[in-house]
Amino acid sequence: MKFTKRSGQKSESVGGNYLKLTDGLSVNGVMRGEIFEFYQIWPFGGERQVFDSPTPGAASRFKANIVIHENGKFISKIWEFGLPVYTQLGDINEVYPLDKTKIQITRRGAGKSTQYMILPLLNEQLSPKTLSQIESVELHPLALNVRAPVQVEERYDELGF
């Protein structure tokens, strides 16, 4: 048998660019840029499958840049979330523009029991200088590197059946 060496596939959520909150933790920040929608299937115990268009069995997921203050400077993090959070953010944005309003994001729970509470921090108005600093932060690209699903017939041809 011949095996070709392959590098390990890195998860998109590995690395310092993603916002990571565990149960009970909060972060404050300002949302920037556009929200990116993608579709995901993550079977229990299986490997996550990501698509750039609606796919049977896949749930809508979203990515957005959020600018936070960390180690004395403003930086951008990618926040990934589901439809309930997207809806909550949309409702808040109708009253308080999220690109000019500091919000607090709190995570409660773990796994499929995770819930996020988002509060606009109206008592912390952003000065024009602070808004200018936030707007100058470089945002992360949100596009996905996805491949089209392989058709079963194509796999059989590859294997010589």
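Heavy-atom basis, side chains included; hydrogens, waters and symmetry copies ignored.
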Enquirer: Evaluate the side-chain proximity of Q40 to E80: yes if any heavy-atom separation is below 4.5 Å, no if none is.
Expert: yes
Enquirer: Anything under 30° is parallel, anything over 60° is perpendicular, the rest tilted; go ahead and classify F36 against F38.
Expert: parallel
Enquirer: Show the atom names and distances, to 0.1 Å, of all donor-acceptor pairs under 3.5 Å that link a side chain in residues 82-99 to residues at least two apart or in another chain.
Expert:
residue: T87; atom: OG1; partner: L83; partner atom: O; Å: 3.0
residue: N93; atom: OD1; partner: L98; partner atom: N; Å: 2.9

Enquirer: Is the backbone N or O of K20 less than 3.5 Å from a side-chain atom of T22, with the two atoms forming a donor-acceptor pair by type?
Expert: no
Enquirer: To the nearest 0.5 Å, what is the distance between OH (Y116) and CD1 (I105)?
Expert: 8.5 Å
Enquirer: Does the side chain of I103 come within less than 4.5 Å of L119's, by heavy atoms?
Expert: no
Enquirer: If you round to the nearest 0.5 Å, how far is CD of E34 from NZ of K63?
Expert: 15.5 Å
Enquirer: If every non-hydrogen atom of S60 is compared with every non-hydrogen atom of Y39, which pair is closest and at what distance?
Expert: OG-CE2, 3.5 Å
Enquirer: With a sphere of 6.0 Å drawn around CG of N123, does it hold more than 12 non-hydrogen atoms of other residues, nucleotides or ligands?
Expert: yes
Enquirer: Linking I/L/V/M/F/W/Y whenever any side-chain heavy atoms sit under 4.5 Å apart, do I35 and L142 land together?
Expert: no
Enquirer: If you count heavy atoms of other groups shown closer than 6.0 angstrom to CD of Q104, is the number above 12?
Expert: yes
Enquirer: I'd like to know if the side chain of N17 and the backbone of K77 have a donor-acceptor N/O pair within less than 3.5 Å.
Expert: no
Enquirer: Tell me the salt bridge (charged side-chain N to carboxylate O under 4.0 Å, His left out) pairs involving residues 101-110, sequence neighbours left out?
Expert: K102-E124
Enquirer: If you compare all heavy atoms of P120 against all heavy atoms of T101, which two are closest, and at what distance to 0.1 Å?
Expert: CB-CG2, 4.0 Å
Enquirer: To the nearest 0.5 angstrom, please state how far the CH2 atom of W79 sits from the CD1 atom of I68.
Expert: 12.0 Å
Enquirer: Check whether any side-chain heavy atom of T106 sits under 4.5 Å from a side-chain heavy atom of L21, and report yes or no.
Expert: no
Enquirer: Would you give the length of the straight line joining atom CD1 of I78 to atom CG of N65, rounded to the nearest 0.5 angstrom?
Expert: 6.0 Å
Enquirer: Using distance only, find each side-chain donor-acceptor pair of residues 126-141 under 3.5 Å and give its atom names and separation, not counting sequence neighbours.
Expert:
residue: S127; atom: OG; partner: T130; partner atom: N; Å: 3.1
residue: S127; atom: OG; partner: T130; partner atom: OG1; Å: 3.0
residue: S136; atom: OG; partner: Q133; partner atom: O; Å: 2.8
residue: H140; atom: NE2; partner: S76; partner atom: O; Å: 2.8

